[in-house]
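Everything below concerns the one structure shown next.
The structure displayed is predicted, hence computed values, not measured ones.
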Protein chains: 2
Amino acid sequence: MEHPKSYTHKQEQLARFAKAMGHPARMAILQFLLAQESCYFGDIHEELPIAKATVSQHLKELKEAGLIQGEIEAPKVRYCINKENWELARKLFADFFSQTGYRKENCCQ
Amino acid sequence: MEHPKSYTHKQEQLARFAKAMGHPARMAILQFLLAQESCYFGDIHEELPIAKATVSQHLKELKEAGLIQGEIEAPKVRYCINKENWELARKLFADFFSQTGYRKENCCQ
DNA sequence: AAAAATGTTCGCAAATATACGAACAATAAA
DNA sequence: TTTATTGTTCGTATATTTGCGAACATTTTT
């Protein structure tokens with residue numbers, strides 16, 4: 001076989017989280033939710049320089065990545081950090097970045 | 001004005017790093033470099049299930065995001081973690097994830 | 001019941017991303 | 001000087017992402 005290796009589950013999970021965080025609007029949404037200024041769609045939208053349809057789409061992506069969750073609180077919608085997955089992401093990123101960082105015997109000095 | 005706010009510099013920088021990490025192949029490359037198994041393109045390529053042209057492209061993206069750097073060591077090419085930016089990324093992600101995480105007075109419990 | 005408020009979904013356009021083989025460039029080895 | 005080795009770049013195809021307005025669905029309010 002030409003390409004023996006594939007990707008590890010951790011690499012894929014980390015990439016999935018990273019990808020979800022890979023847009024300024026989504027980072028802004030996450031920070032807004034972390035700051036607990038509000039959890040309502042309308043307030044999130046007001047904070048961002050994009051149309052509500054686009055905000056809704058970004059929220060959907062964050063939800064599908066598992067970083068947030070949403071529930072209807074008629075007539076509004078409340079979005080929250082998904083604590084369980086948030087902890088997972090925090091840990092995966094922490095492990096990733098403390099992965100020696102780099103060594104003394106680095107082939108790159 | 002309809003949309004008063006934009007994104008902060010930190011949000012954009014974090015998103016840029018996250019985006020670069022948002023693909024399993026690129027995560028695999030970073031981990032390979034961190035593990036210091038080798039820094040040569042050929043060895044990186046062997047580790048991945050994709051064509052060399054594609055590997056080269058992913059390396060270019062990581063380089064443009066500032067996470068790695070490359071130098072010619074004829075006839076090979078050596079890629080390395082960009083230490084300065086790596087530290088920056090580490091710090092930005094650490095700060096981001098320790099951003100209270102979430103509060104007791106969370107509007108989402 | 002009609003009107004207002006709040007978001008989601010649809011349809012579309014434009015921009016990016018992903019992947020590959022073939023061609024190319026540069027150095028090293030024969 | 002050929003030939004081999006090592007990567008990059010080019011051209012192309014396909015898929016995904018981003019963004020918007022309009023239409024739609026739901027619940028509240030009047």
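Smallest separation of non-hydrogen atoms from Ala20(A) and Leu67(A): CB-CD1, 4.0 Å.
At whole-Å resolution of the value, CG in Leu48(B) and P in dC20(C) are 11 Å apart. Atom CD of Glu61(B) and atom P of dT17(D) are 14 Å apart (whole Å). In this structure, Ile72(B) places its CD1 atom 10 Å from P of dA26(C), rounding to the nearest Å. Here dT8(D) presents its C1' atom at 14 Å from CD1 of Ile44(B), a figure rounded to the nearest Å. In this structure, Lys52(A) atom NZ and dT6(C) atom C1' are separated by 7 Å, rounded to whole Å. The CG-C1' distance, from Leu62(A) to dG7(C), rounds to 16 Å in whole Å. In this structure, the CD atom of Glu73(A) is 14 Å from the C1' atom of dG7(C), given to the nearest Å. As rounded to whole Å, 13 Å separates atom P of dT16(D) from atom CD of Glu64(A).
Map Pro75(B) and Arg26(A) each onto its nearest nucleotide of DNA chain D; the residue landing nearer the 5' end is Pro75(B). Mapping Lys19(B) and Ala53(B) onto DNA chain D by nearest heavy atom places Ala53(B) at the nucleotide closer to the 5' end.
Ser56(B) has a side-chain polar atom (N or O) that falls below the 4.0 Å cut-off from OP1 or OP2 of dT8(D). Between dT8(D) and Tyr79(B), a contact under 4.0 Å exists linking OP1 or OP2 to a side-chain N or O. Regarding contacts with the backbone of dT17(D), every side-chain N or O of His23(B) stays at 4.0 angstrom or more from both OP1 and OP2. Residue His58(A) places at least one side-chain N or O closer than 4.0 Å to OP1 or OP2 of dG19(D). Within the 4.0 Å cut-off from OP1 or OP2 of dT18(C), not a single side-chain nitrogen or oxygen of Thr54(B) is found.
Residue Gln57(A) is classed as a base contact, given a heavy-atom separation below 4.0 Å to a base.
Between Phe93(B) and Phe93(A), the angle of the ring planes stays under 30°, which puts this pair in the parallel group of the 30/60° scheme. Relative orientation of the His45(A) and Phe41(A) rings is tilted, given thresholds of 30° and 60° on the angle between their planes.
No donor-acceptor pair under 3.5 Å is formed between the side chain of Asp43(A) and the backbone N or O of Ser38(A).
Of the charged side-chain nitrogens involved, at least one lies within less than 4.0 Å of a carboxylate oxygen, so that Glu87(A) and Arg90(A) count as a salt-bridged pair.
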